[in-house]
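Quick notes on the structure that follows.
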Amino acid sequence: MASKNGVTPIIPNTPVVHQDNSNITRKDFPEGFIFGTGTSSYQVEGAAAVGGKGLSIWDTFTTRTPSLSLSLSLSLSLCLSLMTLLQRTKNYYAKICLRCMILDGSNGNVAADMYHRFKEDIKAMKAMGFDSYRFSISWPRILPGGRCSAGVNREAIDYYNELIDTIIANGMQPSVTLFHWDLPHCLEKEYDGFLSKEVVKDFCEYAEVCFWEFGDRVKWWTTLNEPWTVAVHGYVSGTFPPSKPSCPPEKILTNLPAHRCIQDPTRIAKTARSYSENKDDPRTNLAKDTYTVSRNLILCHAAAVRLYRTRFQAFQEGQIGIVLNSHWYVPLDEKSQEDIAAARRAVDFMLGWYLDPILNGRYPESMISHVPPENLASFTPEEWDMVKGSTDYVGLNYYTTNYVSHDPNPPEEEGYHEDKKVKYHTERDGVSIGEPSGSTWLTIVPWGIYEHLVFLKNTYPNIPPIYITENGVSDEHNPDQTALQACRDNRRVRYHQDHLANILQAMVKNQVDVRGYFAWSWCDNFEWAEGYMSRFGITYLDFMNNQTRYPKDSAIWFAHFLHNKKMPQLLPPIGLKAISNKRQNEVKNIEPEKSSRARKQ
């Protein structure tokens, strides 16, 4: 129900929360509904110095900060061994080491080594029954110098051609993301990356290379993954590169949404630059920079879509869209009109910031009324024409739900963290909103995805088809567990069952047009600020032993779900050798096969 000013308030709804959804199967969903799984380039590829790849801002962020990165001189396995020792001893030195930009001091130099091992992974995905594999292309691998004039890396073109061909040969669809946060470092150094409108031209050059080289086979393109994360963690919290914080550290836990960050005051990651250093830098505008970055990200998206539609879509016959992330928000006090309004602002400042311009050609009313106009710069008429309608589908990354309350305190400074006048909570009257996970920012609230989907349908009548492009939960890395024990992830099984059931409810009961679901993630990987201390994969990776893969219970469940079978009762632990054989047989896995590049090395 819309209010007088046309804004849909967030009124608490109560779907069925506690329900056994273990019997859900693929046949419950409409024919043609796509089930997939996903990864991103920096998190899984590895091969940081292989095949002519250039540096990304994540390469430099994780490896070029003296005394903050353990991994400068240690291999991944040695780094994890040291972190395991420190976790067990819990001594003062451990606390010092844990307070670095990445929780365990690691990086993505090796990661899951998927650059060399993608064939075994794709065969396992297909054996489980997945329809699509969602992955991202590394911009600095394709264009090491950031733009075509600095050279196109043909070895990278060959790699992604082989990857795409392997996906198709296994009967799956490649779903390709152009940008999943690994901006070429040289562009950040040259003109401050997304703070400059120059990035739009360079992004379009990169996108055109990808459309030209891969578009004959790729029919699902995503321009950007989670632009909110780039803008807010890069330029508000500063916990992601380029690490230019505009929010005082003491306000991060209460004034910013908890997403892909560490919500433990004893373990908050350091930033490359401190808030005070950034505040005193005459080149920065703390109140405006994150809005400038978001504006340029929207222009990158819209310009790439226009390029694809005008030069490629007619004969390549693909779809192109954007992937946005958003939690669902519930008023802390359901009777408070101020908290109800704050819940709507929380969604607007996370999702509507991008979705409203793309669908409606304007910013959300709550942002226009709360952000000074000199900071939330509008687009030109020509830019609005390019931005509005610039998506064939909407990808939604959903993980959790939070309580929010109105912040009545007068702002001490301008900026994203103050403009919203929102505070974030995970508890109401001492009771958590949901079950905890292995990540401090992620509380398990399956009904939130139902509420969110219904909100999208009611608020955006013109919204194109929706795909759940990321949905998953983490386990904390436990150095005392064997691989067998770590593969017992019943919480993750229930997470996917419950979220799928709520998505289905939104589709059937409320006619929300959802057409696909991608489980995050295919395998344990480099999880940004959490390093390797957080495991999101349905496939366990033994980073201490050559990234050996083991399917977790969640992988076995997906294999049964996708083949319309009920998962049998799990047996008691039967030993690591048995898990390697029995589990891989259950998903009809195939003997690992190295790619041609791996065999040549």
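Basis for what follows: all heavy atoms, side chains included, without hydrogens, waters or symmetry-related copies. These numbers were taken from a predicted model, which means no experiment stands behind them.
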For S41, does its backbone N or O pair with a side-chain atom of S136 as donor and acceptor, under 3.5 Å? yes

Aromatic centroids of W228 and F349 separated by under 6.0 Å: no

Side-chain donor/acceptor of N109 to backbone N/O of A48, under 3.5 Å: no

Under the criterion side chain to side chain contact (heavy atoms under 4.5 Å, CB included), I'd like the reasoning laid out for K119 against E162: C-alpha separation, chi angles, the key distance, then a yes or no. CA-CA 9 Å; K119 287 191 174 182; E162 188 177 7; 3.3 Å; yes

Heavy-atom side-chain contact between P184 and L143 under 4.5 Å: no

Run the numbers on I102 and N107 for side chain to side chain contact (heavy atoms under 4.5 Å, CB included), then give the verdict. CA-CA 8 Å; I102 307 301; N107 56 49; over 6 Å; no

Okay, side chain of D104, backbone of S106: is any donor-acceptor separation there less than 3.5 Å? yes

Quick one: does K244's side chain have a donor or acceptor within less than 3.5 Å of a partner on P241's backbone? no

Other residues, nucleotides and ligands only: do more than 12 of their heavy atoms fall within 6.0 Å of CZ on R309? yes

Determine whether the aromatic ring centres of residues F558 and F130 are separated by less than 6.0 angstrom. yes

Which one of F240, W58, Y42 satisfies the ring pair (Phe, Tyr, Trp, His ring centres under 6.0 Å) criterion with W181? F240

Can a donor-acceptor pair be found, under 3.5 Å and without considering hydrogens, that links the side chain of H327 to the backbone of A258? yes

In this structure, CG of D121 is separated from OG1 of T539 (nearest 0.5 Å) by 7.0 Å

Is there a donor-acceptor pair under 3.5 Å between the side chain of H301 and the backbone N or O of T391? no

Relative to the ring of Y550, is the ring of Y540 parallel (under 30°), tilted (30 to 60°) or perpendicular (over 60°)? tilted

Under 3.5 Å donor-acceptor, S439 side chain and W441 backbone: no

With a 4.5 Å cut-off on side-chain heavy atoms, are R134 and N225 touching? yes

Main chain of V199, side chain of D202: is a donor-acceptor contact present, judged purely on distance under 3.5 Å? no

To the closest 0.5 Å, what do you measure between CD1 (I157) and SG (C210)? 6.5 Å

Over 60° means perpendicular and under 30° means parallel, so classify the ring planes of F526 and W528, tilted if in between. perpendicular

Before accepting this row, confirm whether a basic side-chain N of the pair D59/K53 lies closer than 4.0 Å to the acidic partner's carboxylate O. yes

Answer yes if the ring centres of F312 and W221 are under 6.0 angstrom apart, and no otherwise. no

Between T223 and F179, is the side chain to side chain contact (heavy atoms under 4.5 Å, CB included) condition met? List the steps. CA-CA 6 Å; T223 54; F179 179 70; over 6 Å; no

Matching residue for D524 among R549, H477, R535, Q547 - test: side chain to side chain donor-acceptor pair (under 3.5 Å): R535

Surrounding CH2 of W212 (heavy atoms of other residues, nucleotides or ligands, distance under 6.0 Å), is the total greater than 12? no

Can a side-chain donor-acceptor contact be found between T222 and Y393 if the only test is distance below 3.5 angstrom? yes

Check the side chains of Y363 and S378 for a donor-acceptor pair under 3.5 angstrom, ignoring hydrogens and angles. no

Keeping the roles fixed (side chain from N296, backbone from F194), state whether a donor-acceptor pair exists under 3.5 Å. yes

Could you check whether R141 pairs with E45 (Lys NZ or Arg NE/NH1/NH2 to Asp/Glu carboxylate O, under 4.0 Å)? yes

Is it true that atom NZ of K388 has more than 12 heavy atoms of other residues, nucleotides or ligands lying nearer than 6.0 Å? no

NZ of K189: more than 12 outside heavy atoms within 6.0 angstrom? no

Please list all pairs meeting salt bridge (charged side-chain N to carboxylate O under 4.0 Å, His left out) that have one or both residues in residues 220-231, counting only residues at least two apart or in different chains. E226-R260

Geometric class of the W139/Y206 ring pair [parallel <30°, tilted 30-60°, perpendicular >60°]: parallel

Looking at F211, is its backbone amide N or carbonyl O close enough to the side chain of Q316 to form a donor-acceptor pair, meaning the two atoms are under 3.5 Å apart? yes

Given S294 and W353, is the side chain to side chain contact (heavy atoms under 4.5 Å, CB included) satisfied, shown in steps? CA-CA 8 Å; S294 281; W353 192 358; 3.0 Å; yes

Determine the sole option in Y517, W220, F518 for which the ring pair (Phe, Tyr, Trp, His ring centres under 6.0 Å) test with Y467 is passed. W220

Show, in sequence, the C-alpha distance, side-chain angles and deciding distance for D385 and R306, and conclude whether the salt bridge (charged side-chain N to carboxylate O under 4.0 Å, His left out) test is met. CA-CA 10 Å; D385 287 342; R306 181 178 63 180; over 6 Å; no

Counting only heavy atoms not in R217, do more than 12 fall under 6.0 Å of its CZ? yes

Looking at OH of Y398 and OG of S326, how far apart are the two atoms once the value is rounded to the nearest 0.5 Å? 9.5 Å

